[in-house]
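Data block below; observations after.
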Amino acid sequence: MAKEMESPQEQSSYTVEQLVAVNPFNPEILPDLENYVNEQVSSQTYSLDANLCLLRLYQFEPERMNTHVVARILIKALMAMPSPDLSLCLFLIPERVQMEEQFKALIVLSHYLETGRFQQFWDESAKNRHILETVPGFEQAIQAYATHLLSLSYQKVPRSVLAEAVNMDGASLDKFIEHQVANSGWIVVKEDGSIVFPQNEFNHPELKKNTGENVPLEHIARIFPILG
């Protein structure tokens, strides 16, 4: 038997996350989901599931789409990189909407981030500051992503490379580095000021475990009859 739709009084007793779980295709929860996006922005929290639910509802009722809310969803998704949240969101947004200037700008920014072109990213961000400033914490989230990507790609980088990646210089960069030294295990080389990142399996491939070497031969032997 199909689940009956809850009354507005019953819905009001649920949190937004519960509404999404109980009845994600109920158009009556659309205003709650829009308000929840604004709440995520003001509280600097994030719920991909709730935001995807809202975008799906917009697909069914395109006349109710609020592009300001959609822009905020995409900015929050961009802040979640390296997670593929932005792609998941764009899949639910019509192409005609994606062709609007604000969304085209966000897509371009995502391409710069995905390819590690941080100088281009920050230059383009400056041109679209009026869009990005609506979501607090954007710059800090991208700086965290940039340093994450650098730490996976390099064992050591010059100070100038880090400065370009996080769009900082001078005293603000000094403070940023000091924080990372204290909290993330970075090391500053005294001679040239370059940054040494903690070892991981990506910047030191020898640390990567070869799981294939740990599979007992008898386990492999059992697989062949199954495959056959």
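- Using a 4.5 Å cut-off on side-chain heavy atoms (C-beta onward), Leu74 and Leu90 make contact.
- Salt-bridge formation is not detected for the pair Glu178/Lys175: no Lys NZ or Arg NE/NH1/NH2 atom is positioned less than 4.0 Å from an Asp or Glu carboxylate oxygen.
- Closest approach of Thr67 to Phe103, counting heavy atoms only: O-CZ, 3.6 Å.
- Atom CZ of Phe176 has more than 12 neighbouring heavy atoms from other residues, nucleotides or ligands inside a 6.0 Å radius.
- Side-chain atoms of Trp122 and Ile142, non-hydrogen and from C-beta on, do get closer than 4.5 Å to each other.
- One side chain, Gln40 or Asn51, offers a donor N or O that lies under 3.5 Å from an acceptor on the other.
- Using a 4.0 Å cut-off between a side-chain N of Lys or Arg and a carboxylate O of Asp or Glu, Asp174 and Arg159 qualify as a salt bridge.
- Put simply, the side chain of Glu164 does not reach to within 4.5 Å of the side chain of Phe121, judged on heavy atoms.
- Counted by atom type alone, Tyr58 and Glu34 present one or more donor-acceptor pairs between their side chains at under 3.5 Å.
- Counting heavy atoms from C-beta on, the side chains of Thr134 and Val41 never come closer than 4.5 Å.
- No more than 12 heavy atoms of other residues, nucleotides or ligands shown are found within 6.0 angstrom of CD on Glu95.
- Remark: His68 NE2 is loosely packed, at most 12 non-hydrogen atoms of other residues, nucleotides or ligands lying under 6.0 Å away.
- Scanning all heavy atoms of the two residues, the minimum distance from Cys89 to Leu48 falls at SG-CD1, 4.2 Å.
- Residues Gln143 and Met168 form a side-chain contact, since some pair of their non-hydrogen atoms from C-beta on lies under 4.5 Å apart.
- At a cut-off of 3.5 Å, with distance as the only test, a side-chain donor of Asp192 or Ser194 sits close to an acceptor on the other residue.
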Next item on the list: Output, in order, the C-alpha distance, side-chain angles, deciding distance and verdict of side chain to side chain contact (heavy atoms under 4.5 Å, CB included) for Leu54 and Leu30.
Entry: CA-CA 6 Å; Leu54 176 57; Leu30 195 150; 3.8 Å; yes
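- Using a 4.5 Å heavy-atom cutoff, the side chains of Trp186 and Pro198 are in contact.
- Judged purely by distance below 3.5 Å, without hydrogens or angles, the side chains of Asp123 and Tyr112 never pair a donor atom with an acceptor atom.
- A donor-acceptor pair shorter than 3.5 Å cannot be found between the side chains of Gln199 and Asn203.
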Note to self: Between His148 and Met81, is the side chain to side chain contact (heavy atoms under 4.5 Å, CB included) condition met? List the steps.
What the structure shows: CA-CA 10 Å; His148 170 73; Met81 289 188 70; over 6 Å; no
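- No hydrogens or angles considered: a donor-acceptor pair under 3.5 Å links the side chains of Ser184 and Gln180.
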Item checked: Residues Leu113, Leu109; criterion side chain to side chain contact (heavy atoms under 4.5 Å, CB included); working and verdict -> CA-CA 6 Å; Leu113 287 180; Leu109 289 174; 5.8 Å; no
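- Ile93 and Gln98 get closest at one heavy-atom pair: O-NE2, 2.9 Å.
- No continuous path of ILVMFWY side-chain contacts below 4.5 Å connects Leu162 to Tyr145, so the two sit in separate hydrophobic clusters.
- Both Leu33 and Leu52 are part of a single hydrophobic cluster, where members link through side-chain heavy atoms under 4.5 Å apart.
- Taking both residues in full, the closest heavy atoms of Ala71 and Gln102 are given as CB-OE1, 3.6 Å, listed atom of the first, atom of the second, then distance.
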Next item on the list: For side chain to side chain contact (heavy atoms under 4.5 Å, CB included), just list the numbers for Leu132 and Leu106, CA-CA rounded to whole Å, side-chain angles, deciding distance to a tenth of an Å, and then say yes or no.
Entry: CA-CA 9 Å; Leu132 303 174; Leu106 293 174; 3.8 Å; yes
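- Atom OG of residue Ser153 and atom CG of residue Leu149 lie 4.5 Å apart, to the nearest 0.5 angstrom.
- If you check the side chains of Tyr36 and Glu17, you find a donor sitting under 3.5 Å from an acceptor.
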